[in-house]
Amino acid sequence: MSIVKGSRLVMISSWNVVVLWVMLIFTLSIQTAEQSAGLSSKVTEIIVKAVSWVVPIDPDVRTIDKMVKQIHNLVRKFAHGGLYFVLGVLVINSFIKTEVKRFKVYGYALIFCVV
């Protein structure tokens, strides 16, 4: 009996994580263009500074600003794709925990993520 309760708890928990992730995506999606650009610029700047520890670049602030501007759109695209990739993995995991069989898991996950 406890195994059934435990697996039910795992199933409910996995779907709760999906709901939380969808809420995160929604929260980021309702930002204004300025808010979104500001957030991604800060993330891009952090990435550029972290890479500069490994790969020597000119420490001049103008150089960092220039690099941030150059890769800003790339970081935004990867972040967008990454958010939905994680959603896909979480949904697949949740359908597996719900005991959906075989390839139906991937079809249902695709439909869920597209909707």
Side-chain angles (χ1 to χ4, degrees):
M1 185 76 168
S2 66
I3 293 175
V4 172
K5 285 184 180 180
S7 63
R8 183 172 168 89
L9 180 63
V10 169
M11 179 188 69
I12 291 170
S13 298
S14 65
W15 281 108
N16 283 338
V17 172
V18 169
V19 169
L20 290 172
W21 197 258
V22 168
M23 288 170 56
L24 172 68
I25 291 173
F26 180 75
T27 302
L28 292 173
S29 296
I30 63 173
Q31 290 181 334
T32 64
E34 294 81 23
Q35 290 172 322
S36 179
L39 177 61
S40 60
S41 289
K42 289 176 188 173
V43 170
T44 305
E45 187 174 336
I46 291 169
I47 291 170
V48 168
K49 287 180 180 179
V51 168
S52 71
W53 291 345
V54 179
V55 179
I57 61 171
D58 187 2
D60 186 13
V61 174
R62 288 172 286 167
T63 304
I64 290 175
D65 288 342
K66 184 178 177 182
M67 290 181 74
V68 167
K69 287 179 184 176
Q70 288 176 341
I71 64 170
H72 181 246
N73 284 333
L74 183 64
V75 169
R76 288 178 65 89
K77 299 301 178 194
F78 274 107
H80 189 91
L83 283 171
Y84 282 95
F85 174 78
V86 171
L87 176 64
V89 170
L90 292 173
V91 170
I92 287 170
N93 178 60
S94 296
F95 276 121
I96 290 171
K97 301 297 182 198
T98 309
E99 299 181 0
V100 172
K101 301 294 182 204
R102 298 184 150 255
F103 294 107
K104 289 182 180 180
V105 167
Y106 303 106
Y108 290 160
L110 179 64
I111 291 167
F112 182 94
C113 291
V114 167
V115 170

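By convention here, the first residue in the shown sequence is residue 1.
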For [X], enumerate each residue passing the side chain to side chain donor-acceptor pair (under 3.5 Å) test, keeping only those at least two apart in sequence or located in another chain.
| X | value |
| --- | --- |
| K49 | E45 |
| S40 | H72, R76 |
| Q70 | none |

Checking Q31 now: which residues fulfil side chain to side chain contact (heavy atoms under 4.5 Å, CB included) with it, not counting sequence neighbours?
L28, Q35, S36, L39
What residues form a side chain to side chain contact (heavy atoms under 4.5 Å, CB included) with V51, not counting sequence neighbours?
I47, V55
To the closest 0.5 Å, what do you measure between [atom1] ([X]) and [atom2] ([Y])?
| X | Y | atom1 | atom2 | value |
| --- | --- | --- | --- | --- |
| H80 | I25 | NE2 | CD1 | 8.0 Å |
| N93 | M11 | CG | CE | 12.0 Å |
| I12 | S7 | CD1 | OG | 9.5 Å |

Can [Y] be reached from [X] by stepping across I, L, V, M, F, W or Y side chains whose heavy atoms are under 4.5 Å apart?
| X | Y | result |
| --- | --- | --- |
| V75 | V54 | yes |
| I92 | V17 | yes |
| L24 | V19 | no |
| I96 | L90 | yes |
| V22 | Y84 | yes |

Donor-acceptor list for residues 98-115 side chains, cut-off 3.5 Å, not counting sequence neighbours:
from	atom 1	to	atom 2	distance (Å)
T98	OG1	W15	NE1	2.7
T98	OG1	S94	O	2.6

Look only at the side chain of W21 and the backbone of L83, and say whether a donor-acceptor pair between them is shorter than 3.5 Å.
yes
